[in-house]
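So that the names make sense, note that chain A is the first sequence line, chain B the second, and so on, each numbered from 1. Hydrogens, waters and symmetry mates play no part in the numbers below; they use all other heavy atoms, side chains included.
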Protein chains: 2
Amino acid sequence: MQSAVLVAEPEPETREYLGRQLRVDGFDVLDTARRSEALELAERVRPDLVLLGELDLCQRLRRGEPGRTWDRNVPVILLAPTSDPDERVRALERGADDAVGRPFAYEELLARIRALLRRSTASATELVVAGDIVVDRRTRRVAVRDALVALSAREFELLLRLASEPYRVFTKEELLREVWGYRAVGRTRTLESHASRLRKKLRVGPDDDFVVNVWGVGYRLLE
Amino acid sequence: MQSAVLVAEPEPETREYLGRQLRVDGFDVLDTARRSEALELAERVRPDLVLLGELDLCQRLRRGEPGRTWDRNVPVILLAPTSDPDERVRALERGADDAVGRPFAYEELLARIRALLRRSTASATELVVAGDIVVDRRTRRVAVRDALVALSAREFELLLRLASEPYRVFTKEELLREVWGYRAVGRTRTLESHASRLRKKLRVGPDDDFVVNVWGVGYRLLE
DNA sequence: GCGCCGCGCCAGATGTCCTTTCCGGCGATT
DNA sequence: AATCGCCGGAAAGGACATCTGGCGCGGCGC
């Protein structure tokens with residue numbers, strides 16, 4: 001999933017440069033030069049992170065304003081006006097999560113954006129997506145085209161292993177070793193039986209066959 | 001409440017200086033020069049934040065090690081060896097939440113520590129809400145759909161842990177470790193009987209089942 | 001000291017899942 | 001097309017996890 005970043009920076013060249021770069025790096029970018037528009041966008045779009053060019057906006061963003069309902073807890077990084085550490089300290093004390101001086105190295109800013117997003121969305125979800133199948137390892141829930149599917153413990157572990165590398169073929173020995181912990185060979189019927197049940201449970205539409213057998217080798221997820 | 005900071009820094013002068021300063025600023029400080037001791041302290045003391053002097057420890061801290069059970073999600077700030085921005089980028093990419101170069105300004109480091117603690121304990125508010133269940137950790141009162149429920153100390157702690165991340169599945173070992181402080185495995189009956197009692201007490205309506213068992217794994221709050 | 005309560009633990013009952021077995025059918029090879 | 005090995009699906013027994021009522025202990029208030 002793409003993260004939406006709001007860039008509130010009055011200086012046109014920097015703003016456009018950041019917009020371009022961040023889009024290249026896979027973010028949804030909204031940008032504005034005006035303070036009032038920044039707050040309006042924060043309310044309307046609810047960005048995942050805000051890149052601020054001005055310190056006073058930081059306080060307003062954190063404090064909130066009457067009648068406005070943006071997320072006052074949104075992650076914020078401030079682009080301080082100079083390289084003076086005091087300015088970074090001031091920003092951090094006024095509620096910014098991070099602050100970089102100018103001129104800044106884009107690579108470092110990008111790394112800081114990613115680190116902050118990582119921290120603030122931690123434990124939100126741990127999704128493994130393979131085609132139409134979504135596996136949430138935190139809640140251990142599985143959805144096929146938004147239809148929830150109830151799996152047993154082994155079935156879940158088996159699907160998780162297959163979904164971790166969709167299309168790849170896993171040998172039976174591999175699956176028995178990694179999902180069951182079996183060292184010896186020969187208990188393939190156990191695996192086949194589970195694969196069969198998993199295939200059936202994942203069958204939401206009539207033609208669905210997500211768990212695919214590869215003759216003489218093993219199984220894979222998705223054709 | 002004081003926050004505990006683990007300072008893992010091989011250079012003696014820096015380590016002692018940081019320890020002194022941070023204590024003055026109201027932190028509980030543990031420090032060590034040795035890597036193995038840093039991991040041991042992370043496990044035993046469970047600090048609220050780690051100040052790292054070496055990059056490789058960052059990865060080990062995040063990845064975890066067999067048999068060790070510290071909080072792999074603990075906030076981490078790296079003291080990079082020089083002022084080279086690339087070193088900061090590398091640290092951030094390897095899982096650190098923040099990175100400052102050397103020499104560093106203590107004031108900025110302090111501000112960054114505070115900002116990171118602010119962000120990472122943001123969810124630890126007084127009122128924990130999970131669906132129809134409201135837990136007030138200050139008064140230790142619990143309400144299910146506005147109906148007050150009386151819980152014992154352990155039941156409250158168990159519910160609090162479950163409610164801190166509703167829908168997430170907790171393994172039994174995890175709950176026994178985090179709620180009871182047990183290290184060894186095998187005392188699952190104790191947990192099960194508390195889970196059972198908690199489930200019963202939270203049952204306000206006839207069909208309520210907030211404490212849900214996940215077969216072969218553990219428990220979660222809410223379906 | 002006495003009663004009450006919470007806690008940890010136990011054991012029987014209950015329920016779920018895993019494995020194995022059987023059989024029919026398909027794929028590959030000749 | 002025949003044969004052999006491999007696989008899918010269903011069903012059943014056994015294995016294992018879980019629920020729950022109850023018991024003894026220890027702490028606390030009276």
Length of the line joining [X]:[atom1] and [N]:[atom2], which is rounded to integer Å:
X	N	atom1	atom2	result
B:Lys172	C:dG8	NZ	C1'	15 Å
A:Glu157	C:dC18	CD	P	10 Å
A:Glu192	D:dA10	CD	C1'	15 Å
B:Trp215	C:dC18	CH2	C1'	8 Å
A:Arg197	C:dC18	CZ	C1'	7 Å
A:Arg189	C:dC18	CZ	C1'	14 Å

Map A:His194 and B:Arg187 onto DNA chain C by nearest heavy atom, then report which one ends up closer to the 5' terminus. B:Arg187

So which one's nearest nucleotide on DNA chain C is more toward 5', B:Leu151 or A:Trp180? B:Leu151

Which part of the nucleic acid, if any, lies within contact of [X], taking any heavy atom under 4.0 Å across all strands shown: a base, the sugar-phosphate backbone alone, or nothing?
X	result
B:Ala195	nothing
A:Phe156	nothing
B:Ser193	base

What verdict does the side-chain contact (heavy atoms from CB on, under 4.5 Å) test give for B:Leu202 and B:Asp208, after you've listed the backbone C-alpha separation in whole Å, the side-chain angles of each residue and the deciding distance to 0.1 Å? CA-CA 8 Å; B:Leu202 293 181; B:Asp208 289 346; over 6 Å; no

Any side-chain heavy-atom pair from A:Val128 and A:Leu160 closer than 4.5 angstrom?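 Yes, close enough: below the 4.5 Å cut-off.
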
Is the shortest heavy-atom distance from the side chain of B:Val50 to the side chain of B:Val5 under 4.5 Å? no

Step-by-step side-chain contact (heavy atoms from CB on, under 4.5 Å) determination, B:Val135 to B:Phe156: CA-CA 9 Å; B:Val135 183; B:Phe156 182 85; 3.7 Å; yes

